[in-house]
Amino acid sequence: MTARDRAIERLLSGLDPEQREAVTAEPGPVCVLAGAGTGKTRAVTHRIAWRVLRGDMRGQHVTAVTFTARAAGEMRDRLRGLGVAGVNARTFHSAALRQLRYFGTRRFGGQLPELVDSTLKFTAIAAARAGLQTSRAKNYDLTTEIEWAASSLIGPDDYVGTIAALGRDAPAAPEDVAKVYAAYIEAKRRAGVMDFADVLAYTADLIGDVEAAADQIRSQYRFFVVDEYQDVTPLQQRLLDAWLGDRDDITVVGDASQTIYSFTGATSRNLLDFTRRHQGAALVRLVRDYRSTPQVVGLANQIIGESKGREAKMRLELVGQRPDGPAVTAEVFADEAEEADMIARRCSQLIADGASASEIAVLYRTNAQSQAYEEALASYGVPTVVTGAARFFERAEVRQAVVALRSAAKTEIGAMPLAEAVPTALEAVGWRPDAAPAGGAQREAYEAVTALANLAEQFLEHHRANPDEEGPEPDLDAFCAELSRRASEQHAPAVEGVTLASLHAAKGLEWDAVFLVGLADGTLPTTFARTETALEEERRLLYVGITRARERLQLSYGLARNSGGRERRLCRFLAPLGLGGFPRTPEPSAAASKQRGPKKAKVLDCSGCGKPLTDARDRKLGHCSDCPATMDEALFERLREWRVTVAKADGKPAFTVFTDVTLIAIAERCPASDSELAALHGIGKSKLDKYGPAVLHLVNGGAVEDAVALSTEDS
Ligand code: ATP
Ligand code: MG
């Protein structure tokens, strides 16, 4: 056996029979259709290595395209680990840009148009030329729409007709969008710039029009690999076709059930039609899931098993390969702040128990949700890495709003009580309470500024609820100082941190522990998903999120968005599953009447008999129903009396103060200090700050009226 044979044998030994079939298929079209965590990415890297080791070609002859720069980097690392160097592993954009820079200059008269990564300015110019009244956020939505059209190979002239045929909602009157789109192309041309879509289109044109360039590119790149092929846009496909010419040495891998970028023009049609387009293509299906425990795999199968539409036709049931792990846990919290606080606490506990922060992720539906988690984790001293989006304080609208607040603090607005000063100052950036725009970027921007306004309220509330903090009520100046402090704390360089990512940005990645948060209907699925097709994409997003977890998966949502606010339902895709810890009935009112509150996540043993506790209520109390701990009945009654008075004074339902189960836990454990109190489930940092002194006062035998005074002071 030669050294090469041994290397090949070693390479193939880490693969199962189906993966091996995909890896060792003879040169020519290969399609791997497979579910999450089944080793698609592993299969493509091994296929490249196999071809190179076998002597088919050198690494330099391979182009491997993946979805993100991070994924491309990982692919290069993995290939290096397999002993293969020189592979052109890139995103479509970076691969195209490289070719364009190399071959395209002459075609553009010696000077390639400058690549601009923010095209907002040109949309603004175009909108003005088209005579449209816009705002920054509206321009953003127009930009997104133009990007979608360009990625879908729809020009300004076809725009109106095509979106009517597709039944697509436009961010403005379709005729206006078409006008802006045409003016946008003109504005770019005049300025001598190109956008990301142009990079792909120009490269495809170059290969189509300039024979010398085509020859050189095609002789350099002979074998193509595409990961995450289900989310390729028609424009990317056009470039891929140009690269290939009349050759067909291409391997694609994808999972139609993970099609989540339709809003950018991506379509799973290319994946699903691959074997029809490429006659004689090898088709391999992988179903063994190597990433996740059977507990996680089971939930993923349940979610995707109900999917409908084109993508669902090809779905495969995953078969978990790993040993059993902890059960998937589900928790509902009173509101989003409590949810963020408790999840942050869980993360810090995992790290204290020895987990590495980089092996933990908190995943959410929209980028605006990151802020609460950035803050909550920072308050527990846990570093974070935010992927795929600007950090909260770096968002343009947040920076503008902070500037507006600072300048207002120097005017007569600064003399107003904070609760009035903040909304007044924010009028300068066009913000009004209860004037949320319908959707898209305008809505995200609005929510981000609303989050600032809410911060002001929390800041006041904290000051009022904290009897230790003396001095006058904070004013706008004090709030601005608080904002600077928060912003600077979060700018601390995060090297190793808990990943905060949107579900979209989490694609292809994996972590030991995943917290899927904000699983309320209206957030996931988003309220903007109105059609069946859009809802199915939301379902797939949930599937992508679930399948990121290797071991530990926790699902959660806050019953209300803000403290005392309207109650929401559980995500409709999860509601029918009856997961322990989530309300069995999706009716919020029923959930409230049962006084459901925070549920426990960790596997716990009964403090009496030592058996593991499975029932959510038992877990919260810390003992099973057969082993009743002795509860201080009188204390329980006093706690209840205190709770009802405090809730009434705050004008919110009693369970939002503490649930019955939490009160029972307090009456059983009689915590003697803040830290003992904090160890009880259902008591996050905000609750501790707000009610800790009152509860400890009651536990120490203090009077109910005094406890009430401690928790409602100044409010
Ligand atoms: P996704 O759909 O999320 O992109 P994927 O199909 O690309 O997932 P990979 O990321 O390639 O899956 O693999 C998932 C995990 O399973 C990785 O940690 C990988 O190393 C591991 N894995 C894949 N195949 C095998 C195998 N045959 N033996 C052991 N581990 C494997
Ligand atoms: Mg993958």
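Read the numbers this way: they start at 1 and go in the same order the structure lists the ligands and their atoms. Since the model is a prediction, treat every value here as computed from it, not as a measurement.
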Is it the case that R552 places NZ or CZ above or below the six-membered ring of W511, under 6.0 angstrom from the centre and within 45 degrees of the axis?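 Verdict for W511: no cation-pi partner in R552.
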Measure from NZ or CZ of R51 to the centre of the six-membered ring of F223 and say whether it is under 6.0 Å with the direction within 45° of the ring axis.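 Yes, R51 and F223 form such a contact.
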Flag yes if more than 12 heavy atoms outside R285 fall under 6.0 Å of its CZ atom; otherwise flag no.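 Not more than 12 within 6.0 Å, no.
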Among protein atoms, how many N/O/S atoms lie less than 2.8 Å from the Mg ion (ligand 2)?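 Number of qualifying protein atoms: 1.
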May I have a table of the N/O to N/O pairs between ligand 1 and the protein that fall below 3.5 Å, each row giving the two atom names and the distance to 0.1 Å?
residue	atom	partner	partner atom	Å
ligand 1	2 (O)	K40	NZ	2.6
ligand 1	2 (O)	Q258	NE2	2.8
ligand 1	3 (O)	R291	NH1	2.8
ligand 1	3 (O)	R291	NH2	3.1
ligand 1	3 (O)	R548	NH1	2.8
ligand 1	3 (O)	R548	NH2	2.9
ligand 1	6 (O)	T38	N	3.3
ligand 1	6 (O)	G39	N	3.1
ligand 1	6 (O)	K40	N	2.8
ligand 1	6 (O)	K40	NZ	2.8
ligand 1	7 (O)	T41	N	3.0
ligand 1	7 (O)	T41	OG1	2.8
ligand 1	8 (O)	G37	N	3.0
ligand 1	8 (O)	R291	NH2	3.1
ligand 1	10 (O)	R291	NH2	3.1
ligand 1	11 (O)	T41	N	3.3
ligand 1	11 (O)	R42	N	2.9
ligand 1	12 (O)	G39	N	3.1
ligand 1	18 (O)	E510	OE1	3.4
ligand 1	18 (O)	E510	OE2	2.7
ligand 1	20 (O)	R42	NH1	3.2
ligand 1	24 (N)	Q19	NE2	3.0
ligand 1	24 (N)	R42	NE	3.4
ligand 1	27 (N)	G14	O	3.3
ligand 1	27 (N)	Q19	OE1	2.9

For R47, enumerate each residue passing the salt bridge (Lys or Arg N to Asp or Glu O under 4.0 Å) test, keeping only those at least two apart in sequence or located in another chain.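 With sequence neighbours excluded, R47 shows a salt bridge (Lys or Arg N to Asp or Glu O under 4.0 Å) to no residue whatsoever.
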Under 3.5 Å, is there a donor on one side chain and an acceptor on the other for D324 and Q295?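 Yes, Q295 and D324 have a side-chain donor paired with an acceptor closer than 3.5 Å.
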Is it the case that the ring center of F263 lies less than 6.0 angstrom away from the ring center of H504?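 Centroid distance H504-F263: below 6.0 Å, so yes.
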Taking the six-membered ring for Trp, are F573 and Y543 ring centroids under 6.0 Å apart?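 Judged by ring-centre distance (under 6.0 Å), F573 and Y543 do not meet the cut-off.
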Would a distance-only check, ignoring hydrogens and angles, find a side-chain to backbone donor-acceptor pair under 3.5 Å from E311 to K308?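 No.
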Could you list the donor-acceptor pairs under 3.5 angstrom formed by side chains in residues 25-36, with sequence neighbours left out?
residue	atom	partner	partner atom	Å
E26	OE2	R54	NH1	3.4

